[in-house]
Number of protein chains: 4
Amino acid sequence: MRSNQYSDKEIAVFNGLVGLLKQGKSLYKIKVSEIAKAANIGKGTIYDYFSSKEEAIYLALLYYLNNEMTRVVSEVESTSSFKNKIYKLLDITEENIESKYSSLKTVLSAKDISSMYDLIEGNENLIDSFINYMGKIMESIVTAGENEGYINKSYSSYYKKSAIRCILIGFAQFVSHKECYKDVNVDLAKEVAYTQLIKMLR
Amino acid sequence: MRSNQYSDKEIAVFNGLVGLLKQGKSLYKIKVSEIAKAANIGKGTIYDYFSSKEEAIYLALLYYLNNEMTRVVSEVESTSSFKNKIYKLLDITEENIESKYSSLKTVLSAKDISSMYDLIEGNENLIDSFINYMGKIMESIVTAGENEGYINKSYSSYYKKSAIRCILIGFAQFVSHKECYKDVNVDLAKEVAYTQLIKMLR
Amino acid sequence: MRSNQYSDKEIAVFNGLVGLLKQGKSLYKIKVSEIAKAANIGKGTIYDYFSSKEEAIYLALLYYLNNEMTRVVSEVESTSSFKNKIYKLLDITEENIESKYSSLKTVLSAKDISSMYDLIEGNENLIDSFINYMGKIMESIVTAGENEGYINKSYSSYYKKSAIRCILIGFAQFVSHKECYKDVNVDLAKEVAYTQLIKMLR
Amino acid sequence: MRSNQYSDKEIAVFNGLVGLLKQGKSLYKIKVSEIAKAANIGKGTIYDYFSSKEEAIYLALLYYLNNEMTRVVSEVESTSSFKNKIYKLLDITEENIESKYSSLKTVLSAKDISSMYDLIEGNENLIDSFINYMGKIMESIVTAGENEGYINKSYSSYYKKSAIRCILIGFAQFVSHKECYKDVNVDLAKEVAYTQLIKMLR
DNA sequence: CATGAATGAGGGTTCATTCAT
DNA sequence: AATGAATGAACCCTCATTCAT
């Protein structure tokens with residue numbers, strides 16, 4: 001596992017790469033020369049900081065995931081009340097799905113990414129890291145829900161967290177394929193998700 | 001959209017490709033020569049039936065998805081009672097996630113597949129097709145649930161189907177990352193999913 | 001060790017490569033694309049027959065050496081009389097050194113070639129092969145010399161062969177650096193070599 | 001032709017490079033960064049003293065050759081008696097061939113080195129320089145041999161020197177490929193060489 | 001002077017696709 | 001119809017050289 005402290009050049013590579021993804025470039029078609037150009041550095045320079053294209057991509061995704069999730073965690077934690085936290089998460093999910101590139105999307109296809117690139121699925125991999133962050137978020141939400149009386153404390157921890165995860169992924173599914181649900185708009189889908197959650201937890 | 005009637009050679013290609021995936025070969029690293037060998041045909045022959053490697057892969061996945069989902073639909077439909085149908089679906093989900101390759105996995109990363117291969121995301125794409133099948137399954141389950149009194153009929157169709165989809169994906173998530181939930185076994189996770197569903201629908 | 005039977009394409013590569021060397025191209029600067037062009041085949045085709053550029057070059061040199069040395073052996077063996085054999089060998093040496101490329105030159109720098117290319121210095125390497133051929137030639141010459149009474153049979157086999165080898169290499173040295181010996185012409189150098197040999201062997 | 005006076009940095013480069021060669025590093029694979037590290041200087045510094053990697057290597061070899069040959073000349077000259085001089089030369093030859101790197105080896109493959117590196121084969125090249133030194137050594141030996149009555153003075157200068165050169169190269173050949181002469185040891189080979197020389201010269 | 005971070009031209013190799021048989 | 005030998009465009013990576021500090 002590499003240090004969390006990255007040099008300017010490394011961060012330039014990360015930002016360049018994520019920038020390309022946000023422009024809609026497919027992860028599977030990115031060329032080293034494109035990354036270099038997007039990062040405003042020479043092609044060879046990438047190899048001064050990363051041992052391969054694979055590594056550069058992997059670390060970029062990890063870096064971006066960490067940044068993004070750190071932000072999400074703090075946003076949710078700084079949001080008051082159970083209901084607001086849930087809606088905040090649904091909002092973030094919506095944005096993520098709608099954008100050309102997001103960590104959420106990466107995580108949803110992370111198995112494929114690691115199957116494409118022979119990344120050492122070491123201690124710290126994308127999904128583990130993501131699940132870790134989600135754990136913190138769930139924790140924060142469960143605590144709020146219990147304090148505010150929305151959650152029946154007799155449920156197991158897994159049950160409670162699982163319920164939240166469920167409605168999130170279900171909502172993500174909706175956003176991903178809105179066109180299949182012509183009679184449902186986003187706000188309604190959020191309401192449905194929230195209602196379902198309340199029913200599961202009480 | 002191509003005919004649903006495929007020639008022997010085309011089906012050989014489909015089976016060969018899916019066979020490779022089931023052996024754990026990464027979709028992103030498959031070579032035409034490997035497909036040809038797995039299908040027991042010459043490399044050039046593939047181009048007599050498909051316009052490109054991309055198309056061959058895309059159609060193979062679609063073919064396999066259709067076969068598999070047709071089977072799943074009929075299995076669920078032929079299962080009696082609401083609860084049994086749900087458990088059947090959870091069982092199928094479990095198997096799918098655990099196997100090296102399954103249509104479910106393909107669908108979960110379908111955005112990536114289509115981003116890797118410049119597939120004309122035409123009328124009939126993998127996800128649309130999948131959602132279509134899922135719709136049928138949901139329909140069957142909802143009907144059973146209503147007939148058996150598990151489902152409060154006042155909910156919208158979206159609400160009802162969404163609830164089922166939620167717990168399925170939530171359960172899929174669990175199976176994918178069992179190692180993160182050390183105190184939960186598969187049977188418990190199924191129970192939790194079922195309980196959550198009942199609560200959402202009543 | 002590969003079979004001695006080569007396909008047309010392999011021989012085309014061999015001839016193409018040796019052709020480049022004979023044009024004065026340095027072995028160390030040859031590009032795969034040049035070899036392909038010289039062999040009148042596509043660049044990729046080389047990799048259908050050889051696992052790497054290194055291997056292609058190594059096998060080409062070996063192939064050429066075998067061909068050339070086989071010819072030399074038969075030329076010397078078919079020459080009658082001790083003196084004629086020696087002069088034949090000196091003539092061949094002269095031609096070899098004067099040409100832009102010859103197996104003799106390769107052998108003289110074979111250690112470098114193998115140090116440049118990480119060739120598995122397996123059973124059959126250039127120098128061993130060369131020494132083997134030389135052994136046969138020496139044998140043929142020693143037999144003639146003994147039959148004709150030029151060679152005192154009491155010398156060891158090593159002594160006799162070594163004497164021949166000596167004057168050959170000495171003569172090769174002369175040809176390589178003629179410009180350093182302004183008062184000696186090739187014919188004189190051959191006479192000197194022969195005289196020295198006679199003195200050593202009687 | 002550059003001055004014979006080199007700066008400390010230049011000599012550091014020379015020694016660093018030769019050091020690498022003596023460690024068994026192939027001349028054809030040496031990188032500028034390695035030379036710099038071996039010389040304990042910065043990579044850029046090399047270009048303050050040499051116009052290219054090629055030049056640095058060429059001058060290093062030349063420098064080393066001069067040092068080594070100067071030493072060899074003086075060793076041979078300071079050895080008394082014809083026979084001792086010859087044996088001294090054979091000893092030196094043996095050491096040279098056995099070591100990972102020596103000027104002798106360089107000279108034996110000098111054509112390749114200059115073909116690899118586009119060295120201006122100007123006035124002062126490796127082989128010319130070497131032949132020059134050898135000339136001095138031959139001179140010294142011939143003089144001793146004549147004084148001691150081993151050499152028939154009626155032979156031409158070329159004949160005499162050529163004889164010495166012959167047995168040296170012949171012996172070098174033996175040492176290079178000892179494994180091919182299982183029934184001959186080094187001391188015997190030296191004796192053979194000396195005997196052959198005596199016979200040629202008397 | 002000395003450095004080493006940065007560069008990018010260049011080359012070995014892969015593999016989707018073609019086409020003569 | 002079927003093949004697989006042949007192709008060459010494309011791309012990753014190396015490393016000699018430069019130049020700002």
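In what follows, every heavy atom counts, from backbone to side chain, and hydrogens, waters and symmetry copies are set aside. Throughout, a chain's letter reflects where its sequence line sits, starting with A, and its residues are numbered from 1.
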**Q** Suppose we call two aromatic rings close when their centres sit under 6.0 Å apart. Are B:Phe50 and B:Phe14 close by that rule?
**A** yes
**Q** CD1 of C:Ile57 versus P of E:dG11: gap in Å, rounded?
**A** 13 Å
**Q** Report each atom pair, protein N/O against N/O of nucleotides 4-6 of chain F, whose distance is under 3.5 angstrom.
**A**
| from | atom 1 | to | atom 2 | distance (Å) |
| --- | --- | --- | --- | --- |
| F:dG4 | N7 | B:Gly44 | N | 3.0 |
| F:dA6 | OP1 | C:Lys9 | NZ | 2.4 |
| F:dA6 | OP2 | C:Tyr49 | OH | 2.1 |
| F:dA6 | N6 | B:Lys43 | NZ | 3.2 |

**Q** Quick one: A:Glu54 CD to F:dC12 P, roughly how many Å, whole number?
**A** 11 Å
**Q** In whole Å, I'd like the distance from the NZ atom of A:Lys29 to the P atom of F:dC12.
**A** 14 Å
**Q** Quick one: on DNA chain E, does C:Ser52 or A:Ile46 contact a more 5' nucleotide (nearest heavy atom)?
**A** A:Ile46
**Q** Of all heavy-atom pairs between C:Leu21 and C:Lys100, which one has the smallest distance, and what is that distance?
**A** O-CB, 4.0 Å
**Q** Between C:Ile30 and B:Ser33, which is nearer to the 5' end of DNA chain E once each is assigned its nearest nucleotide?
**A** C:Ile30
**Q** For the residue pair A:Ala38 and A:Gly16, what are the closest heavy atoms and their distance?
**A** CB-O, 3.6 Å
**Q** Hunt down the Watson-Crick or G-U wobble partner of F:dT14, both distances under 3.5 Å, from any strand shown, or write none.
**A** E:dA9
**Q** Without decimals, in angstroms, what is the distance between B:Lys53 NZ and F:dA9 P?
**A** 19 Å
**Q** Rounded to whole angstrom units, what separation is found between the NZ atom of C:Lys37 and the P atom of E:dG11?
**A** 12 Å
**Q** Starting at atom CD of D:Glu34, determine the distance to atom P of F:dT14, rounded to an integer number of angstrom.
**A** 13 Å
**Q** Is there a Watson-Crick or G-U wobble partner for F:dT21 with both distances under 3.5 Å, and which nucleotide is it?
**A** E:dA2
**Q** Reckon D:Tyr47 has a side-chain N or O less than 4.0 Å from the OP1 or OP2 of F:dT17?
**A** yes
**Q** Going by atom types alone, do C:Tyr58 and C:Lys53 pair a side-chain donor with an acceptor below 3.5 Å?
**A** no
**Q** Could you verify whether a donor N or O on one side chain and an acceptor N or O on the other, from B:Ser52 and B:Glu55, lie under 3.5 Å apart?
**A** no
**Q** Heavy atoms only: give me the nearest D:Lys25-D:Lys29 pair and the separation to one decimal.
**A** CE-O, 4.2 Å
**Q** How far does CG of C:Leu59 sit from OH of C:Tyr6, to the nearest 0.5 angstrom?
**A** 4.5 Å
**Q** B:Glu55 has an atom CD; how far is it from atom P of E:dT17, in whole Å?
**A** 11 Å
**Q** Reckon B:Val32 touches a base, only the sugar-phosphate, or nothing at all at heavy-atom distances under 4.0 Å?
**A** base
**Q** Between E:dA2 atom P and D:Phe50 atom CZ, what is the distance in whole Å?
**A** 12 Å
